[in-house]
Amino acid sequence: METLILGKLKIEKTDDSIQVYGLKDFNLIHIFECGQCFRWKKTLDDGYIGIASGKMATVYFDHDILTMKNTTIEEFVNFWFYYFDLGRDYTQIKDELSKKDLHLQRAVEFGSGIRILKQDFFETLISFIISANNNIPRIKKSVELIAMNYGEMIDLDNFTFPNSLKLKGIPCEELSLLSRAGFRCRYIEHTSNKYFNEQTDIKLLSTTSLEDARKILKEFTGVGDKVADCVLLFSGCRQDVFPTDVWVKRVMEELYFGRTASLKEINEFAKVHFGELSGFAQQYLFYYAREHRIGL
DNA sequence: ACCCAGGATCTAC
DNA sequence: GTAGATCATGGG
């Protein structure tokens, strides 16, 4: 296949890559540095390389053209289009959020090219278990170590993230030595075994009530409200969640409350104020808050 | 030496 | 049901 029209997008094949024309609301830095993913790395030539659901690709975005190496038009249509959430109209989402208040308008403008990735469920679950009481560089290191030690090698420095079949049965002592994830390794061990045995019904998570979805996820050790909401949002299950970490808490207190507020308060505010778009609002606010170091 | 980091868990009230 | 200590690890 040499060329393809997909809605407003035109996809063309070149020698060793594909190019996508007609993309809006798309910025690689916003997408990969907004805290939703841990495995995309900058390349020397201003692109990003990453592995998602076992597929590796290098991406560039220049002059409104997305260039992807190491993939095909078929794979783009069948996977990357979905992964980058390209079927969603972010212009409308941003318009709707910008109308709500001035803070959100600024945050949306600042992260105008954010797209919420539809990441592999098990990888997202493990990654955000590791995120508990941790910092982003160390989360990235532990996730990468798990891939290096238990995933499949694509080339000398790129590995897939292992599925639960690969990770089940690994004792937490070994996980601790090979991932440096500390006390969270006990959670990883339990979660890998439980997920392998039960194969969580992901479709159910997206169709049932938010309350029930959280309840299901919180049966994995190491998963509380915040991690559950992150997994639901960043694996593409649902967008009506408002993961409230220390950054989001701080930015909400500073911009919306003008005082300290409890997690429960913030969640209820988000539900009323942001509604079904809570997840998108959270991502714009998180990126804005962290890049501006609000609250520090 | 002390504090902190995309929190969750366990215990005590 | 909820405040408080505890949980590895590495960097400032």
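Note that the structure is a prediction, hence the values are computed from the model and not measured. We name chains A, B, ... by the order of the sequence lines, and we start the count at 1 in each one.
The CD1-P distance, from A/I136 to B/dC4, rounds to 18 Å in whole Å. Regarding A/R250, its CZ atom lies at a distance of 11 Å from the P atom of B/dC4, rounded to whole Å. In this structure, NZ of A/K218 is placed 12 Å from C1' of B/dG7, rounded to the nearest angstrom. Rounded to whole Å, the distance from NZ on A/K226 to P on B/dA5 is 13 Å. At whole-Å resolution of the value, CZ in A/F38 and P in B/dA5 are 16 Å apart. Atom P of nucleotide B/dT9 and atom CG of A/L217 are separated by 12 Å, given to the nearest angstrom. Between A/F128 atom CZ and B/dA8 atom P there is a gap of 12 Å when expressed in whole angstrom units.
At the heavy-atom level, A/T221 lies under 4.0 Å from the strands shown only through sugar-phosphate atoms. Residue-level contact check: A/Y287 touches neither bases nor backbone, having no heavy atom under 4.0 Å from any strand. Base engagement by A/Q36 is indicated by at least one non-hydrogen atom pair under 4.0 Å involving a base atom.
Boundaries of the chain A contact region on DNA chain C are C/dC7 to C/dG10, first to last in 5' to 3' order (nucleotide atom under 4.0 Å from a heavy atom).
Aromatic pair A/Y287/A/F110: centroids less than 6.0 angstrom apart.
A gap of 23 Å separates the P atoms of C/dG10 and B/dT9, to the nearest Å. With both ends at atom P, the span from B/dA8 to C/dG11 equals 24 Å, rounded to whole Å. Spacing between C/dA5 and B/dC2 at atom P, rounded to whole Å, works out to 16 Å.
Ranked by how close their nearest DNA chain B nucleotide is to the 5' end, A/V248 and A/G222 are led by A/V248. Each of A/N133 and A/K141 was matched to the nucleotide of DNA chain C holding its nearest heavy atom; the match closer to the 5' end belongs to A/N133.
Listed pair A/R290 / B/dA5 fails the phosphate criterion, with no side-chain N or O lying under 4.0 Å from OP1 or OP2.
A heavy-atom distance below 4.0 Å to DNA chain C is reached by these residues of residues 168-180 of chain A, ordered by number: A/S176, A/R180.
Pairing each heavy atom of A/V108 with each of A/S98, the nearest pair is CG1-OG, 3.7 Å.
Taking CD1 of A/I146 as the start and OG of A/S179 as the end, the distance is 4.5 Å to the nearest 0.5 Å. Taking NZ of A/K118 as the reference point, atom OH of A/Y83 lies at 12.0 Å (rounded to 0.5 Å).
Using bins of under 30°, 30° to 60° and over 60° for the plane-to-plane angle, the ring pair A/H190/A/F220 lands in the perpendicular bin. By the 30° and 60° cut-offs, the orientation of the rings of A/Y48 relative to A/F32 is tilted.
A/D201 and A/K203 are not joined by a salt bridge, as no carboxylate oxygen comes within less than 4.0 angstrom of a charged side-chain nitrogen. Using a cut-off of 4.0 Å between Lys/Arg side-chain N and Asp/Glu carboxylate O, A/E254 and A/K249 are scored as not salt-bridged.
Just one residue in the list A/E74, A/K69, A/E75 forms a side chain to side chain donor-acceptor pair (under 3.5 Å) with A/T71, and that residue is A/E75.
Annotation: cation-pi pair A/K55/A/F79 present, NZ/CZ under 6.0 Å from the ring centroid and within 45° of its normal.
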